[in-house]
Amino acid sequence: MQVDKDKFYTVEEYLEHERNAESRSEYQKGRLFALAGASFKHNLICGNIFAKLHPILRKKKCNVLQSDLKVYIKEHDLFTYPDIIIVCGEPKFADKNTDTLVNPVVIFEVLSKSTEAYDRGMKFSFYRKLDSLKEYILIAQDRISVVHFIKSEPNDWNLREYDSLENNFLIPSVDCRLKLSDVYNKIKFDEEPYGLQILREASEEYSSRHFIK
């Protein structure tokens, strides 16, 4: 199926397209949104996390899965691809196919400059509609930063932040720890601090504008 960006698609049309497409798209309320390819750092961080969690979770009634599995959020009519998912107990799926999960327990998203605002804000608000979700973990790829949300009550989330390779953090819903030194293993960061990058880019954008008196 050829994707028309101006057309509204049914869920059935989207799923048919996605199961036969060479590239991935997310879906919300009839619209398809193509996903860009991930960077080397993004893939390396995902691989580091998966490599550490897999041998731990294989001994528990949980599984860690990488980004080819969709998650469906019924309340927002949204199909999306988290970077890493942990599911415990019996996985539940949106239909008879086993490519769309509806009961993740932990979701990881690896941030980029283009997705960070969405992943921190609106996407997290979408994910919070998943009753099964207990933890949401954001990993920056251009600096040492892990932001960890843990659900304590149905509508109450606690925030923890880590910004040193000496830090480690507990994922309580599956009772395992991750070291930031393992998450960022072999990752090389730009010499320019992230805060200065943001200020420089904002300054360049401001300077490039043309004002009419």
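Just so you know, these numbers use all the heavy atoms, side chains as well, and skip hydrogens, waters and symmetry mates. Position 1 is the first residue of the sequence, and the numbers go up from there.
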Quick check on the hydrophobic clustering: are V87 and V64 connected, directly or via other members, by side-chain heavy-atom contacts under 4.5 Å? no

Taken in chain and number order and not counting sequence neighbours, the residues that satisfy disulfide bond (SG atoms under 2.5 Å apart) with C176 are none

Under a plain distance cut-off of 3.5 Å, with no hydrogens placed, do Y81 and Q66 share a side-chain donor-acceptor pair? no

Side-chain contact, heavy-atom cut-off 4.5 Å: I86 with N63? no

State, yes or no, whether a side-chain contact exists between I49 and D83 at a heavy-atom distance under 4.5 Å. no

Would you confirm whether E18, through its side chain, and S25, through its main-chain N or O, come within 3.5 Å as a donor-acceptor pair? yes

Go through the steps for K70 and D99 under the test salt bridge (Lys or Arg N to Asp or Glu O under 4.0 Å), then give the verdict. CA-CA 6 Å; K70 297 185 293 299; D99 58 2; 3.6 Å; yes

Any salt bridge (charged side-chain N to carboxylate O under 4.0 Å, His left out) involving residues 146-158? Give me the pairs, sequence neighbours left out, ordered by first then second residue. none

How close do S173 and K134 get, heavy atom to heavy atom, and via which atoms? CB-CB, 4.0 Å

Set of side chain to side chain donor-acceptor pair (under 3.5 Å) partners for T115, sequence neighbours left out: S112, D119

At what distance, to the nearest 0.5 angstrom, does OG1 of T80 lie from CZ of F33? 11.0 Å

Only pairs under 3.5 Å count here: list side-chain donor-acceptor contacts from residues 157-167, not counting sequence neighbours, and write none if there are none.
unit_1, atom_1, unit_2, atom_2, d
S164, OG, E166, N, 3.1
N167, OD1, D163, N, 3.2
N167, OD1, S164, N, 3.1

Here the gap from F126 atom CZ to D77 atom CG, rounded to the nearest 0.5 Å, amounts to 10.5 Å

How would you list, by chain and number, every residue that makes a ring pair (Phe, Tyr, Trp, His ring centres under 6.0 Å) with H148, sequence neighbours excluded? F169

Hits for ring pair (Phe, Tyr, Trp, His ring centres under 6.0 Å) against F108, two or more places apart or cross-chain, chain-then-number order -> none

Contacts of A21 meeting side chain to side chain contact (heavy atoms under 4.5 Å, CB included) (sequence neighbours excluded), chain-then-number -> H17

For residues I45 and I85: do they belong to one hydrophobic cluster (side chain heavy atoms under 4.5 Å, members Ile, Leu, Val, Met, Phe, Trp, Tyr)? no

In Å and rounded to the nearest 0.5 Å, what is the CG to CD1 distance from L69 to I84? 12.5 Å

Check whether any side-chain heavy atom of E135 sits under 4.5 Å from a side-chain heavy atom of V105, and report yes or no. no

Compare all side-chain heavy atoms of F93 with those of T100 and state whether any distance is below 4.5 angstrom. no

Side chains of Y184 and I144: closer than 4.5 Å at any heavy-atom pair? yes

Listed by chain and number, what are the side chain to side chain contact (heavy atoms under 4.5 Å, CB included) partners of E75, not counting sequence neighbours? I73, K129

Side chain to side chain donor-acceptor pair (under 3.5 Å) partners for N168, two or more places apart: R177

Minimal non-hydrogen separation, V110 against C46, with atom names: CG2-SG, 3.7 Å

Using 4.0 Å as the upper bound for N to carboxylate O, is an ion pair formed by R143 and E116? yes

L111 and R120: CA distance, side-chain angles, deciding distance, side-chain contact (heavy atoms from CB on, under 4.5 Å) verdict: CA-CA 9 Å; L111 307 175; R120 287 180 179 273; 4.1 Å; yes

So CG of L180 and CG of N185: to nearest 0.5 Å the spacing works out to 12.0 Å

Contact summary for P82 and E109, nearest pair of heavy atoms: CA-OE2, 3.4 Å

In this structure, CD1 of I171 is separated from CD1 of I150 (nearest 0.5 Å) by 9.5 Å

Within a radius of less than 6.0 Å around NZ of K41, do more than 12 heavy atoms belonging to other residues, nucleotides or ligands occur? yes

Test side-chain contact (heavy atoms from CB on, under 4.5 Å) on L101 and K92; report intermediate values, then the result. CA-CA 6 Å; L101 192 70; K92 297 178 182 178; 5.7 Å; no

Smallest separation among heavy atoms of P104 and V102, with atom names: CD-C, 3.4 Å

Under 6.0 Å from the ring centre and within 45 degrees of the ring axis: does the NZ or CZ of R128 meet both conditions for the six-membered ring of F124? yes

Do L133 and I107 touch side chain to side chain, with heavy atoms closer than 4.5 Å? yes

Do M122 and I137 share a hydrophobic cluster (ILVMFWY, side-chain heavy atoms under 4.5 Å, transitive)? no

Over all heavy atoms of both residues, which pair between S39 and H42 is shortest? Give the atoms and the distance, please. OG-N, 3.1 Å

If you define the side chain from C-beta out and look only at heavy atoms, does anything of V183 sit under 4.5 Å from I139? yes

Identify, with sequence neighbours excluded, every residue that meets ring pair (Phe, Tyr, Trp, His ring centres under 6.0 Å) alongside F79. Y14, Y27, Y72

Holding to side chain to side chain donor-acceptor pair (under 3.5 Å), I want the full list of residues that pass it with R58, two or more places apart in sequence or in another chain. none

Say whether L57 and F50 are linked into one hydrophobic cluster, either directly or through other cluster members, by side-chain heavy-atom distances under 4.5 angstrom. yes

Contacts of type disulfide bond (SG atoms under 2.5 Å apart), residue C62, not counting sequence neighbours: C88

Test log, rule side-chain contact (heavy atoms from CB on, under 4.5 Å), inputs F149 and L138: CA-CA 8 Å; F149 294 94; L138 300 172; 4.0 Å; yes

Go through it in stages, so that I can follow the logic: the residues are E26 and L32, the test is side-chain contact (heavy atoms from CB on, under 4.5 Å), and I'd like the CA-CA distance, side-chain angles, deciding distance and then a yes or no. CA-CA 6 Å; E26 296 189 334; L32 271 61; over 6 Å; no

Measure the CZ-NZ distance between R31 and K29 for me, rounded to the nearest 0.5 Å. 12.5 Å

Side-chain donor or acceptor of N103 paired with backbone N/O of S132 under 3.5 Å: no

